[in-house]
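These values consider heavy atoms only, across backbone and side chains, with no hydrogens, waters or symmetry-generated copies.
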Amino acid sequence: MDTVASTGKLNKEEIFDLMKQFITEVIGEEFVEEMDIIPESSFTKDLEMDSIEIVSFSEKIKAHFGDQIDFTGWLSSMDLDQLINLNLGMIINYIYECQ
């Protein structure tokens with residue numbers, strides 16, 4: 001489910017479910033089963049995603065939303081501390097606002 005033509009605005013719960021699906025596809029179901037993924041989950045500390053996995057995750061977002069969301073541009077505007085502290089809720093809010 002990488003590319004979907006969105007006909008309406010997703011609510012935050014739907015975005016969360018979609019992001020959780022992308023995370024599962026990137027790091028593997030066996031790892032996700034051991035985690036309690038919540039909006040406050042950080043990518044580096046809680047989900048233990050490395051930079052390659054985060055790039056793969058961002059590519060899934062781009063493939064799904066297309067030009068509607070400039071996720072890469074948004075990430076590139078952050079400083080190192082912001083990137084390190086990035087959590088799922090921040091991404092959900094960004095996508096929700098961009099729709």
Tell me whether the centres of the aromatic rings in F71 and F65 are closer together than 6.0 Å.
-> no
Non-hydrogen side-chain atoms of I27 and M49 separated by less than 4.5 Å = yes
Within-4.5 Å side-chain heavy-atom neighbours: T44 and N85 | no
Taking all non-hydrogen atoms of both residues, which atom of W74 and which atom of M90 are closest, and how far apart?
-> CH2-O, 3.7 Å
Do H64 and F22 have side-chain heavy atoms sitting under 4.5 Å apart?
-> yes
With distance as the sole test, does E34 use its side chain to make a donor-acceptor pair with the main-chain N or O of F31 at under 3.5 Å?
-> no
Determine whether L80 and I84 make a side-chain contact, defined as any pair of heavy atoms from C-beta on separated by less than 4.5 Å.
-> yes
Any donor-acceptor N/O pair, S41 side chain to I37 backbone, under 3.5 Å = no
E30 atom CD, neighbour heavy-atom count above 12 within 6.0 Å = yes
Got a donor-acceptor contact below 3.5 angstrom from the Q99 side chain to the L10 backbone?
-> yes
Separation between OG (S77) and CG (L75), nearest 0.5 Å, reads 7.5 Å
Find out if a path of hydrophobic residues (ILVMFWY) with successive side-chain heavy-atom gaps under 4.5 Å connects M19 to V55.
-> no
Side chain to side chain, D70 and Y94, heavy atoms closer than 4.5 Å = yes
Quick one: does Q21's side chain get under 4.5 Å of L18's, heavy atoms only?
-> yes
Report whether L83 and I92 are members of the same hydrophobic cluster (ILVMFWY, side-chain heavy atoms less than 4.5 Å apart, transitive linking).
-> yes
Could you tell me whether the side chain of L47 reaches within less than 4.5 Å of the side chain of E53, counting heavy atoms only?
-> no
In a check of side chain to side chain contact (heavy atoms under 4.5 Å, CB included) between L88 and each of D46, I23, I38, which one passes?
-> I23
